[in-house]
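Working notes, structure below.
Numbering of ligands and ligand atoms starts at 1, following listing order.
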Amino acid sequence: MSETTTTSRLLEVNKLTRNFGGLTAVFEASLHIDEGELVGLIGPNGAGKTTLFNVLTGVYPPSAGSIDLTVDGVTTSLGGRAPYRICAAGVGRTFQNIRLFKDLTVLENVAIALQQNVRYNLFASLFHLPPYGASERRIRHESQELLDLMGLGGKSEELARNLSYGEQRHLEIARALATRPKLLLLDEPAAGMNPAETAELTGLIAQLRRDFGLTVLLIEHDMSLVMKICERIYVLDHGIVIASGTPSEIRNNPKVIEAYLGEEAPNA
Ligand SMILES: Nc1ncnc2c1ncn2[C@@H]1O[C@H](COP(=O)(O)OP(=O)(O)OP(=O)(O)O)[C@@H](O)[C@H]1O
């Protein structure tokens, strides 16, 4: 008996452009991601990778082009929507520069993200009736579970600012997971990590994807991580998608090698 697998398109980006005044940071970028894929986005410094993430997540509206997200057969056009709407549609992200609430506890950082997903009954919450308490307990419980998963279970009552750099990056991922994304965008999750921490993170991303049925788009300068876990890779250079393919196709692509001349070559 033969088995057929059907893949469904989760994200479809078509000819996306973003200008900043006279500078075109992203030009007519087209890419797609199927449900369950782990896709890398690489490119030299200033290539437009973070700008693409910022447009996908509503930080900036596109100057032109379209972004369609299809969840459970329903397609939503994301271009120009507010970040909270895009998050509610199923896109979660982390940031290149860590953006935690540094003076809140580790658990509170995750709980805030989870809270956005809980519909409160205003009357019940004002008078602290059972549904309110139940939601609060559930949020604490789920926050703790996410922290356990990210290896931060023993640090839940610490202030976020007291975590090490690597731990803060883990907490960022826990917060992004708390928004229950279908598509998780990770912006340089291994930045600032040592090789041992990077290797551990590599395993963790693969595990999260399995456990949560996630689809992941990953910006990363660490080529060993990208080449190891991504099934497909897009390469941006000067805002343009110059190549896409499997890790071995990308490694041997002359355009990619040229774009990286003078930088770390993508052959790790
Ligand atoms: N808000 C902004 N206003 C003006 N120019 C911007 C803005 N954001 C990004 N740019 C410019 O857009 C270009 C692409 O930047 P971007 O940060 O997207 O690149 P990147 O590929 O993520 O780079 P890196 O790998 O160094 O993080 C750069 O020339 C940058 O200076």
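A donor-acceptor pair is defined here as one N or O able to donate and one able to accept, closer than 3.5 Å; no such pair exists between the side chain of Arg209 and the backbone of Val216. Judged purely by atom type and a 3.5 angstrom limit, Tyr234 has no side-chain atom pairing as donor or acceptor with the backbone of Gly40. For Arg99 (side chain) and Phe95 (main-chain N/O), no donor-acceptor pair under 3.5 Å exists by modelled atom type. A donor-acceptor pair under 3.5 Å is formed between the side chain of Glu249 and the backbone N or O of Thr246.
The neighbour count for Asp211 CG, taken as heavy atoms of other residues, nucleotides or ligands under 6.0 Å away, is above 12. Atom NE2 of His238 sits in a sparse spot, with 12 or fewer heavy atoms from other residues, nucleotides or ligands closer than 6.0 Å.
On a distance-only criterion, Ala47 and ligand 1 share at least one N/O pair closer than 3.5 Å.
Nearest non-hydrogen protein atom to atom 11 (C) of ligand 1 is Leu23 CD2, 3.7 Å. Annotation: atom 17 (O) of ligand 1 to nearest protein heavy atom, Thr50 CB, 3.9 Å. Protein heavy atom nearest atom 27 (O) of ligand 1, with residue, atom name and distance: Gln96 NE2, 3.0 Å. Considering only non-hydrogen protein atoms, atom 26 (O) of ligand 1 sits nearest to Asn45 OD1, 3.2 Å. For atom 23 (O) of ligand 1, the nearest non-hydrogen atom of the protein is Gly46 N, 2.9 Å. In terms of protein heavy-atom proximity, atom 6 (C) of ligand 1 is nearest to Phe20 CD1, 3.3 Å. Given atom 16 (P) of ligand 1, the protein heavy atom at minimum distance is Thr51 OG1, 3.7 Å.
Between the side chains of Asp187 and Thr50, at least one donor-acceptor pair of N or O atoms lies under 3.5 Å. Side-chain N/O atoms of Gln144 and Ser156 include a donor and acceptor closer than 3.5 Å. Looking only at atom types and distance, the side chain of Arg9 has no donor-acceptor partner in the side chain of Thr70 under 3.5 Å away.
Atom 2 (C) of ligand 1 is flagged as protein-proximal [any protein heavy atom, distance under 4.0 Å]. Under the 4.0 Å distance rule, the nearest protein heavy atom to atom 31 (O) of ligand 1 falls outside the cut-off.
Applying the 4.0 Å criterion to heavy atoms of His221 picks out, from ligand 1, the atoms 25 (O).
Of the candidates Ala25, Gly48, Gly21, the one placing a heavy atom closest to atom 12 (O) of ligand 1 is Ala25.
Ligand 1 lies out of reach of Phe53, whose nearest heavy atom is not under 4.0 Å from it.
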